[in-house]
Asker: 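Okay, here's the structure, questions in a sec.
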Number of protein chains: 2
Amino acid sequence: MILEVRADLAPERRERMRNLIRKAGVARVEDLKSDLQVSVATVRRDLEALEEDGRIRRVHGGAVSMESRLEEVVFDDKANLALKEKRLIAEEAFKLISTGDSIYLDGGSTVLEMARLLAGRTDLTVVTNSLRAAAELSESGPRVILTGGELRRLSQTMVGPLTRAILGQVRLDKAFMGTMGLSIDDGLTTTDPNEAFTKSLVQEHARQVILLADARKAGKVSFARVSDLESIDILISDKKFPDKTARALRKRGLKVRLA
Amino acid sequence: MILEVRADLAPERRERMRNLIRKAGVARVEDLKSDLQVSVATVRRDLEALEEDGRIRRVHGGAVSMESRLEEVVFDDKANLALKEKRLIAEEAFKLISTGDSIYLDGGSTVLEMARLLAGRTDLTVVTNSLRAAAELSESGPRVILTGGELRRLSQTMVGPLTRAILGQVRLDKAFMGTMGLSIDDGLTTTDPNEAFTKSLVQEHARQVILLADARKAGKVSFARVSDLESIDILISDKKFPDKTARALRKRGLKVRLA
DNA sequence: TCAAAAACGATCAAAAACGATCAAAACCAA
DNA sequence: TTGGTTTTGATCGTTTTTGATCGTTTTTGA
């Protein structure tokens with residue numbers, strides 16, 4: 001049997017490259033060079049293109065997949081956004097809460113920052129799938145209801161089909177969501193399909209959906225699709241959020257607030 | 001066979017470093033140097049970067065993790081009475097578990113001791129309403145499913161009618177329960193009615209119910225009734241458990257084991 | 001309290017990786 | 001085939017990363 005060794009078309013080669021990086025989480029330029037049988041210059045150009053799409057993130061020596069577990073750890077907003085800016089987003093979101101509201105808190109560090117602001121609000125009911133948010137509110141404050149479900153260790157959240165059981169039985173006035181990726185073409189995306197399932201369930205269920213996403217999330221695409229952008233009512237981000245994307249979102253009926 | 005020793009990408013290496021520190025709580029520069037096969041200079045630079053992200057705090061000689069494990073955030077283990085007895089009871093209960101079992105872990109410190117024994121058992125599925133038990137298993141080990149429900153702050157458990165939603169959807173081979181009171185006349189009792197509700201729900205649902213109760217619980221009666229004694233299959237207690245009560249229980253068909 | 005030992009930060013040079021540039025190769029439509 | 005465009009790989013100066021060195025600070029233990 002002879003393996004046909006034929007030069008790839010560029011898009012085909014990039015797709016292979018993307019898969020290689022996604023599978024390993026990270027990849028070195030040198031490895032990609034020998035795997036794909038091209039020069040380093042071509043590897044770099046392809047990486048540049050893939051980064052443009054938000055599929056990967058280049059680092060010195062290679063690239064990290066934006067569709068893997070590692071990126072969540074390496075590039076989550078905790079690492080990349082100053083605590084101060086994250087707080088601004090959370091405080092802006094906090095203003096939206098009314099007396100007696102029943103609100104949902106998603107996983108993610110920006111939403112977690114918001115949980116800290118709720119410690120004194122005994123008038124609220126907080127529904128959450130995030131153990132960290134629950135921990136934050138475990139001393140005092142609002143009534144806390146946990147969704148239940150399968151524990152996802154990395155994010156310390158409860159996800160998957162079982163979350164439907166309780167979510168179907170509670171009213172949610174406002175849902176404050178986080179996300180890994182926010183793209184005009186691909187909508188909201190996250191790393192884990194079970195997590196995506198739970199997120200979309202909440203968004204269908206809540207009367208008003210508020211997305212908390214720092215500017216770095218704009219244009220990013222992660223692995224599992226959550227929903228399209230239409231299911232969001234309000235986006236809260238920071239000043240660095242790209243104008244072009246903000247305009248496109250407003251055109252689609254979303255309110256966009258930059259804290 | 002040759003082990004390929006290839007250099008890590010910086011983000012990859014930092015991620016490994018972060019995990020090493022988080023797992024151990026603290027780490028010395030020298031240890032990290034040999035673990036990661038780099039110079040001390042590089043270790044220091046990486047530590048600097050991780051500190052910048054707020055993931056660790058540098059100290060003279062190394063670094064300590066700022067990513068406290070969940071249980072440390074949520075709970076400080078208070079003075080645990082009769083810890084030794086509880087451990088013995090937990091170990092006795094642990095022996096009852098079979099490969100592949102789906103088990104329920106109730107709240108309470110005795111059952112929590114048991115959770116600690118399950119860290120390595122990836123063959124199991126653990127269903128629990130206890131945030132402390134979940135925290136104990138949040139690093140690794142069995143598949144963890146949380147029941148959801150309203151957070152009861154004092155016991156850090158999820159209780160009330162909402163727990164029915166998920167409990168109705170899972171199979172429980174063995175339920176390991178705790179209790180506040182165990183009385184021949186009044187059966188099992190606990191402090192909170194919502195908690196009592198959830199306990200009784202589990203006991204109806206599980207194929208086998210195993211009660212973990214140290215001798216001090218014998219004869220005690222608390223506020224909210226959980227169930228009568230017939231719903232228990234096996235009682236595990238310690239040597240101090242009163243003979244008279246044990247005989248009465250055996251007469252009613254319970255197996256009694258004193259660890 | 002003081003001196004030795006350990007750890008530290010700053011600095012520098014070598015190595016690796018990078019981006020820009022340009023010519024050759026491949027491709028495509030006429 | 002021809003002329004024009006796109007893609008590729010090599011070259012080269014620049015930037016980033018790394019490990020070693022050295023003087024300074026902190027810790028240790030007598």
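Values below: all heavy atoms of this structure, side chains included; hydrogens, waters and symmetry mates excluded. Here is how names work: the chains are called A, B, and so on, in the same order as the sequence lines, proteins then strands, and each is numbered from 1.
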Asker: Which residues pass the side chain to side chain contact (heavy atoms under 4.5 Å, CB included) test with B/Leu117, sequence neighbours left out?
Answerer: B/Ala90, B/Glu91, B/Phe94
Asker: I'd like to know if the side chain of A/Ser130 reaches the main chain of A/Ala133, judged simply by a donor and an acceptor atom lying under 3.5 Å from each other, with no hydrogens or angles considered.
Answerer: yes
Asker: Reading nucleotides 16-26 of chain C from the 5' end, what letters show protein touch, with B for base, S for backbone sugar-phosphate only, - for no heavy atom under 4.0 Å?
Answerer: -SBS-------
Asker: Are any of A/Thr42's side-chain N or O atoms less than 4.0 Å away from OP1 or OP2 of D/dG9?
Answerer: yes
Asker: Once side chain to side chain donor-acceptor pair (under 3.5 Å) is applied, what residue pairs with a partner in residues 223-232 of chain A remain, sequence neighbours excluded?
Answerer: A/Gln203-A/Ser227, A/Gln203-A/Ser231, A/Ser227-A/Ser231, A/Glu230-A/Arg252
Asker: Can you list every stem that DNA chain C is part of, counting only runs of 3 or more consecutive Watson-Crick or G-U wobble pairs with both distances under 3.5 Å?
Answerer: C:1-30 with D:1-30
Asker: Looking at B/Arg132 and B/Gly108, would you say the former's side chain and the latter's main chain have a donor-acceptor pair under 3.5 Å?
Answerer: no
Asker: Taking side chain to side chain donor-acceptor pair (under 3.5 Å) as the definition, give me every residue that meets it alongside B/Thr125, ordered by chain and number, with sequence neighbours left out.
Answerer: none
Asker: What is the distance from CD of A/Glu12 to C1' of C/dC27, rounded to the nearest Å?
Answerer: 16 Å
Asker: Can you tell me which residue pairs pass the side chain to side chain donor-acceptor pair (under 3.5 Å) test with a partner in residues 36-48 of chain A, sequence neighbours excluded?
Answerer: A/Arg13-A/Asp46, A/Arg14-A/Asp46, A/Ser39-A/Thr42
Asker: Report the residue (A/Arg14 or B/Val40) whose heavy-atom-nearest nucleotide on DNA chain D is the more 5′ of the two.
Answerer: A/Arg14
Asker: With distance as the sole test, does A/Thr128 use its side chain to make a donor-acceptor pair with the main-chain N or O of A/Leu105 at under 3.5 Å?
Answerer: yes
Asker: Measure from CG on B/Leu32 to C1' on D/dG19 and round the result to the nearest Å.
Answerer: 17 Å
Asker: Check this for me: A/Arg18, atom CZ, are more than 12 non-hydrogen atoms of other residues, nucleotides or ligands nearer than 6.0 Å?
Answerer: yes
